[in-house]
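Please read the structure below before turning to the comments.
Nothing fancy with the numbering, it's 1 onward along the sequence.
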Amino acid sequence: MTNQTKVRQPVLFATAVAAVATGVAAYGYVRRKMYKPLPTVAHVNLHKYSGLWYEVARLPTRFEKGCQHVTAEYKLRPDGKVSVLNTCHQQGLNGPVETAKGLARAIDATNSKLKVSFFWPFEGDYWILDLDHADYQYALVGTPSRENLWLLSRTPHLERNLRDHLIGKARELGFPVEKLIFTPQPMNDKP
């Protein structure tokens with residue numbers, strides 16, 4: 001192998017990665033323009049948003065297939081970014097645990113639109129659509145494509161009327177709520 005070949009391999013690899021990343025970004029931009037604008041909450045205090053959240057319901061996703069007792073833990077870092085730790089119990093409330101670590105960053109001053117990355121350089125949208133501004137006890141989170149939606153709570157279960165309110169809001173925003181999966185959670189602390 002010549003010296004010139006050795007130099008070309010890293011350059012070709014970097015070029016290929018850049019091309020793929022550009023293609024993914026362009027595809028995401030075009031898809032986002034196909035949907036009506038998705039309103040988010042006016043402001044999110046990331047200090048209050050930090051902590052443990054339970055997934056009450058979600059739209060089906062490939063990466064959460066078979067997940068029960070799902071939680072997400074957010075920790076605000078000194079640099080303003082948010083560490084993410086998602087936990088899933090496979091095939092049962094006490095089944096084998098799978099975790100995914102990620103990093104989120106706000107994309108505007110409202111802190112209601114975040115980009116989350118579990119595998120660099122790929123990022124996904126995480127938009128906070130509804131939030132208990134008084135106590136940060138529940139949140140409705142989705143993506144502009146309407147493909148992803150999560151109902152989150154600080155406790156394993158939400159009161160039925162509040163859950164129905166959040167589902168109604170998601171329906172109004174164009175999410176296919178008839179496909180929602182209600183996430184099994186432990187029975188302790190059920191309202």
Side-chain angles (χ1 to χ4, degrees), residues 21-46 48-50 53-74 82 84 86 88 100 102-119 121-185 191:
T22 301
V24 168
Y27 175 74
Y29 177 78
V30 169
R31 288 206 41 156
R32 220 178 331 231
K33 292 298 179 189
M34 294 175 11
Y35 299 97
K36 293 186 333 190
L38 185 61
T40 59
V41 297
H43 183 73
V44 176
N45 179 328
L46 292 177
K48 286 184 173 183
Y49 199 83
S50 293
W53 291 89
Y54 292 86
E55 180 185 274
V56 174
R58 68 177 180 270
L59 285 177
T61 60
R62 174 183 46 79
F63 54 88
E64 282 190 90
K65 188 172 183 171
C67 285
Q68 297 185 21
H69 187 27
V70 178
T71 61
E73 188 168 6
Y74 305 108
V82 179
V84 180
N86 289 345
C88 151
L103 187 62
R105 62 181 178 86
I107 60 171
D108 67 14
T110 69
N111 294 331
S112 63
K113 295 178 181 179
L114 294 106
K115 289 283 190 181
V116 180
S117 176
F118 290 96
F119 182 72
F122 304 103
E123 292 183 310
D125 291 314
Y126 182 100
W127 289 18
I128 302 170
L129 313 173
D130 199 348
L131 179 64
D132 168 22
H133 282 289
D135 300 317
Y136 282 62
Q137 292 301 299
Y138 65 82
L140 180 66
V141 177
T143 58
S145 67
R146 293 4 184 233
E147 291 178 13
N148 297 301
L149 180 73
W150 295 274
L151 278 73
L152 304 176
S153 173
R154 295 294 190 172
T155 59
H157 304 274
L158 267 180
E159 293 178 15
R160 181 68 183 256
N161 64 343
L162 183 52
R163 189 182 81 182
D164 291 347
H165 164 76
L166 293 172
I167 293 170
K169 176 151 189 171
R171 180 181 291 112
E172 289 172 12
L173 294 172
F175 287 89
V177 296
E178 66 281 356
K179 296 179 181 178
L180 277 174
I181 296 170
F182 293 92
T183 310
Q185 293 285 3

No-hydrogen, no-angle side-chain donor-acceptor test under 3.5 Å, Glu55 and Thr183: yes

Salt-bridge contact Lys169-Glu172 (side-chain N to carboxylate O under 4.0 Å): no

Electrostatic pair Asp125:Lys113 at N-O distance under 4.0 angstrom: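 Result for this pair is no, no salt bridge flagged.
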
Determine whether [X] and [Y] make a side-chain contact, defined as any pair of heavy atoms from C-beta on separated by less than 4.5 Å.
| X | Y | answer |
| --- | --- | --- |
| Ile167 | Leu180 | yes |
| Leu152 | Tyr49 | yes |
| Asn86 | Phe118 | yes |

[atom2] on [Y] to [atom1] on [X], rounded to 0.5 Å:
| X | Y | atom1 | atom2 | answer |
| --- | --- | --- | --- | --- |
| Leu162 | Leu140 | CG | CG | 10.0 Å |
| Asn111 | Ile128 | CG | CD1 | 8.0 Å |
| Thr61 | Ile181 | OG1 | CD1 | 7.5 Å |
| Thr71 | Arg154 | OG1 | CZ | 12.0 Å |
| His165 | Arg160 | NE2 | CZ | 15.0 Å |
| Tyr138 | Trp53 | OH | CH2 | 9.5 Å |

Side chain of [X], backbone of [Y]: donor and acceptor closer than 3.5 Å?
| X | Y | result |
| --- | --- | --- |
| Arg171 | Leu166 | no |
| Gln68 | Gln185 | no |
| Asp108 | Thr110 | yes |
| Ser112 | Val41 | yes |
| Arg105 | Leu103 | no |
| Arg146 | Leu173 | yes |

Neighbour count >12 (heavy atoms, 6.0 Å) for atom CZ, Phe119: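 No - once you tally the heavy atoms of other residues, nucleotides and ligands closer than 6.0 Å, there are 12 at most.
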
Side chain to side chain contact (heavy atoms under 4.5 Å, CB included) evaluation trace for Val56 with His157: CA-CA 6 Å; Val56 174; His157 304 274; over 6 Å; no

Parallel, tilted or perpendicular, as decided by the 30° and 60° cut-offs, for the rings of Tyr54 and His69: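 Aromatic pair His69/Tyr54 classed parallel.
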
Parallel, tilted or perpendicular, as decided by the 30° and 60° cut-offs, for the rings of Tyr136 and His133: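 Perpendicular.
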
Residue that, paired with Thr40, satisfies side chain to side chain contact (heavy atoms under 4.5 Å, CB included) out of Leu114, Asp130, Val141, Leu129: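 Single side chain to side chain contact (heavy atoms under 4.5 Å, CB included) partner of Thr40 among Leu114, Asp130, Val141, Leu129: Leu129.
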
Shortest non-hydrogen contact from Trp127 toward Leu38: CZ3-O, 3.5 Å

Nearest heavy atoms of Val177 and Ala170, plus distance in Å: CG1-CB, 3.7 Å

Charged tip of Arg58 within 45° of Phe182 ring normal and under 6.0 Å: no

